[in-house]
Asker: 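Structure provided below as structure tokens; questions to follow.
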Amino acid sequence: MKINLRIVFFRLKACGAGFALFVFVMALSSVSALYAQNGTGVGGAVRAETVGSPEKMTVKGVVVDKETGETMIGVSIRVLGTDVITVTDIDGAYSLTLPKGRYKVVFTYIGYEKLERELDASHTESFKKVVMAPASKTMNEVVVTGIYQRKKESFTGSAATFEGPELKKIGVQNVLQSLKTLDPSFKIADNIQFGSDPNRMPDIEIRGKSSIMGLKEEYGTDPNQPLFILDGFETDLQTVSDLNMNRVASVTILKDAASTAIYGSKAANGVVVIETVKPEKGRLRLSYKGDFSLTKADLTDYNLMNANEKIKFEELAGLYTDLTNDPLNQLRLDNLRNERLKEVARGVDTYWLSEPLRTGFVQKHNVYADGGEEKIRYGLGLTYGNTEGVMKESSRQTLSGNLDLIYRTGKFQFSNKLTIDYLETSDPVVSFSEYALANPYYRKYNADGGVDKYLYVPENDDEAPVPNPLWNARLNNYDRGDEFGFTNNFIAEWFATTDLRARAKFGVTKTTATAETRLSPLHTDFDSMSDTEKGSYEHSTTAVTKYEGDLSVTYGKLFREVHMLNLVGGFNFSNTESTRNGYKAIGFTEDQFGAPSFANGYPDGGKPSYSESTTRAASFYLNGGYAYDNRYLLDVNYRRDGASMFGSSHRFHDTWSVGIGWNIHKEKFMSGTDLFQLLKLRASVGNPGNQNFSAYQAFTTYQFNGWMTNVFGAGVLISALGNPDLQWQNTLNYTVGTDIAMFDNRLNVTVDVFRKITDPLLAVITTPGSVGVKSVAMNAGQQNTNGLEATLRVSPIHNLEKGIQWTVSLNARTYKSKYAHIGNSLSALNKAGQASVTGTTRYYDGGSPTAIWAVRSVDTRKMSFMLA
């Protein structure tokens, strides 16, 4: 169970132009008409006039935003006591035709204060230009799914939304680190192998794991990683990790089956939806934002022995005792111990851990220019980031440029986002563990102040010399890489009517990455090799091309003021192609000659490598939502998917979900109290799937047998055994929760209880040697996860009029997972783990996926007593 306590003191201000743009895009979804009864509105400016026969009057006008002056789409306008309901068009204009009389007109839109005005034939001037003000709290009242937007009050799913400024108040490292603190479901696993290496992507989980661990190491993909959506398009973890937080407008975490339903076949691990800042209308504006921070290694958990304690431990362990009764060898061991004791007496007590570390400096800069007119808007940004890792020689530099365009004409809107990225990485060749393994009774430097190649050279050949990590670190070694790529996302929208909208999306991403690793011929790893084999150079190039398309139709309608209906249907397709080639060269004559042209040749039997992979997916989806009087809520979803990663017998898969909700605070028996601003009970069930697996895990693949040819030419050998019956991994997800807001939103409580059953699991089974391949992908067993999450937010100071709020948050979570129906199908993996030093996972019925199997360290005083 993890509990995070967070205290944040910040100043709220009205939505501002940035958020108005967000609401503008939200309005484009045409769903706003569904929430006219409880939504809030936006504004715009237009002429209004009163015309018509003596029996009728017609009022025309526009609605504009108070802060930006922008005309807004989809503002709901309702005339109380009548059946007259309309919404503003793409120009923010509206028209009302009514019998002459006195009426009350209500303007509403999500994220804005509700506005009521009296109307009669002699008072129409105020309707020519209706100005609406943003509500004090906005983004967290709206759920953004990346395909449509819904008001949280009318949504049955479990979701949490955070604005960009709120994320930055937690930290400026990246979006992921802030989410870890803000939401109990979002977890970043501690990396015990690579620590805080800025070039290692973290392991992310939402509500625990849903797949067997180890597939990431087997195939290079993490089946426990959530799905990331950036501005409506799928993206990867690296893009999200490198995203400058000054570009982020909001982040929404979708957790249960009802909220992730629209991505059902890919959403078993949850969905993270990120919306970036959009350009604003007006004169050209130029802004700059910079963030700076320092990082320092925390070594308090490393309770290592000092030099004297280490020698005593070695004595007790028998290191200085000859087991063969050889008096000469015993004399040698005694002399060795005495020499080390003399060093300790001279004051030698080397602390090696601090040697490769430094205080890292992190800097991030963002420059953004935007502007435009009513029909067209533009935004141009440039972002630079440089992260120095706490390990010397580790760094990550990013340079990114983005161009955003939005064009509106008639009933159509077109938007395009172009992003160009460049990345440089560097890592130390000598790992931190090599310093941790160096004994404290060794000196770093010799008597002349130089660095010796070895810390200890034995007198006989039975022992290996101990390398000096400082020697290897000072050689001409490097481990570096770079990546260049671009992403272009295009969206076209057609507002057919105020209730019907069609949208087409198409995105292309292409990246090319190179990696180089060089070890000097003077490195201690090559001491036992000949001169023609000393030193190595490795180079690899990886190219990835991905395109994604989506066509959807959205319909939203409010019937008789109490029946809200919305439907979203669409088709989605994606294709990812990647190629990788590389080679290794060995044999360098000098340390300073690091270019591969100085190498003597390839390793014995070595040759260049090449691989390629292609994954394809297509799906049809239908999402429907209904609300009666905004009290009783229902969401349903169905999705039919096809993907190339699974067996030919199970190429297509169906996912579904159902969510229900009850807004108790909307009931008549609650109308007499202002205690609750939100009191909702909700429940959902569904079976989201998982496509984050290797491209060819279900295929039998071959490699050419180039070293043995026959009259028919080159032959082939089986490289991997396919499984045409490999099924999709499915997770049945049950969730029951409540959302509570009390005392004018001073107190907010969210509690979720959930159960996830993944059946069947997808695992890599080790095969007998007689099969000819090492492993095969199969379905084996299931995994059950039960959990509870809770969030409590209290605002002791809640003065929204002055824009001041002080919030105290408490997050809590508890999960319990176990395997079932596995039997001995994963026994080979257990044996391999037991034989490996780093194998810390065991698979058996009733076992926990998060349990760590390792040897606990023993206190030296207890060890002394045991040996005595």
Side-chain angles (χ1 to χ4, degrees), residues 199-201 215-223 225 228 233-242 266 398 418-425 427 479-489 506-518 536-549 573-585 596 599 602-603 605-618 642-646 691-707 714-722 764 773-775 777:
N199 299 316
R200 297 284 177 173
M201 292 298 103
L215 293 185
K216 179 178 180 180
E217 292 74 18
E218 181 76 17
Y219 287 129
T221 59
D222 186 1
Q225 182 177 289
F228 294 98
F233 293 84
E234 292 184 30
T235 189
D236 55 22
L237 176 60
Q238 176 176 304
T239 301
V240 175
S241 180
D242 290 337
K266 307 176 182 180
T398 58
L418 172 65
T419 304
I420 300 176
D421 298 296
Y422 179 72
L423 167 68
E424 283 188 358
T425 63
D427 282 297
D479 183 358
R480 63 197 182 197
D482 61 74
E483 180 178 303
F484 177 79
F486 75 89
T487 298
N488 192 83
N489 294 331
F506 186 78
V508 179
T509 299
K510 183 174 180 58
T511 60
T512 301
T514 61
E516 296 178 300
T517 303
R518 198 259 183 178
S536 66
Y537 172 86
E538 293 185 62
H539 176 91
S540 65
T541 301
T542 303
V544 179
T545 302
K546 176 181 179 180
Y547 60 82
E548 174 191 357
F573 65 91
S574 63
N575 184 89
T576 302
E577 299 176 357
S578 65
T579 60
R580 184 184 185 279
N581 61 77
Y583 65 92
K584 180 178 182 179
Y602 295 118
K607 62 179 181 179
S609 62
Y610 176 83
S611 64
E612 63 179 33
S613 68
T614 301
T615 58
R616 296 187 176 96
S644 63
M645 291 82 74
F646 303 95
Q691 292 185 19
N692 199 18
F693 292 101
S694 176
Y696 300 132
Q697 60 188 2
F699 293 83
T700 298
T701 56
Y702 302 86
Q703 61 180 353
F704 282 102
N705 184 0
W707 58 93
V716 293
L717 298 174
I718 292 181
S719 176
L721 190 63
V764 179
V773 295
K774 296 181 179 180
S775 61

Asker: Mind checking the CD-CG spacing from Q225 to L237? Nearest 0.5 Å is all I need.
Answerer: 4.5 Å

Asker: Can you tell me how the ring of F506 sits relative to the ring of F573, calling it parallel under 30°, perpendicular over 60° and tilted otherwise?
Answerer: tilted

Asker: For the atom pair CD (E424) and CG (D482), what is the distance rounded to the nearest 0.5 Å?
Answerer: 6.5 Å

Asker: Would you name the heavy atoms of Y602 and P608 that are closest together and state the gap between them?
Answerer: OH-CG, 4.1 Å

Asker: Can you confirm whether Q697 sits close enough to M645 that some side-chain heavy atom of one is under 4.5 Å from a side-chain heavy atom of the other?
Answerer: yes

Asker: Are any of the side-chain heavy atoms of D421 and E483 separated by less than 4.5 Å?
Answerer: no

Asker: Measure the shortest side-chain to side-chain distance between T614 and E612 over non-hydrogen atoms and say whether it is less than 4.5 angstrom.
Answerer: no

Asker: Using the side chain to side chain contact (heavy atoms under 4.5 Å, CB included) rule, take D236 and M201 through it: C-alpha gap first, then chi angles, then the decisive distance, then the call.
Answerer: CA-CA 11 Å; D236 55 22; M201 292 298 103; over 6 Å; no

Asker: Do R580 and S609 come close enough that some side-chain heavy atom pair is under 4.5 Å?
Answerer: yes

Asker: Take I420 and F486 through the test side chain to side chain contact (heavy atoms under 4.5 Å, CB included) and record every step on the way to the result.
Answerer: CA-CA 4 Å; I420 300 176; F486 75 89; 4.2 Å; yes

Asker: To the nearest 0.5 Å, tell me how far T542 OG1 sits from N581 CG.
Answerer: 7.5 Å

Asker: Can you tell me how far apart CG (N489) and OG1 (T419) are? Round to the nearest 0.5 Å.
Answerer: 7.5 Å

Asker: Determine the minimum heavy-atom distance between F693 and P223, stating which atoms define it.
Answerer: CE2-CB, 3.5 Å

Asker: Under 4.5 Å between any side-chain heavy atoms of Y547 and V508, yes or no?
Answerer: yes

Asker: Between Y583 and Y537, is there a donor-acceptor pair closer than 3.5 Å when you use the side chain of the first and the backbone of the second?
Answerer: no

Asker: State, with a plain yes or no, whether a side-chain heavy atom of Q691 is found less than 4.5 Å away from one of T615.
Answerer: no

Asker: Working to the nearest 0.5 Å, report the span between CZ of F228 and NZ of K266.
Answerer: 14.5 Å

Asker: Please check: side-chain N/O of T576 versus main-chain N/O of K546, any donor-acceptor pairing under 3.5 Å?
Answerer: no

Asker: Short question: side chain of S578, backbone of V544 - any donor-acceptor pair under 3.5 Å?
Answerer: no

Asker: Can you tell me how far apart OH (Y696) and OG1 (T701) are? Round to the nearest 0.5 Å.
Answerer: 9.5 Å

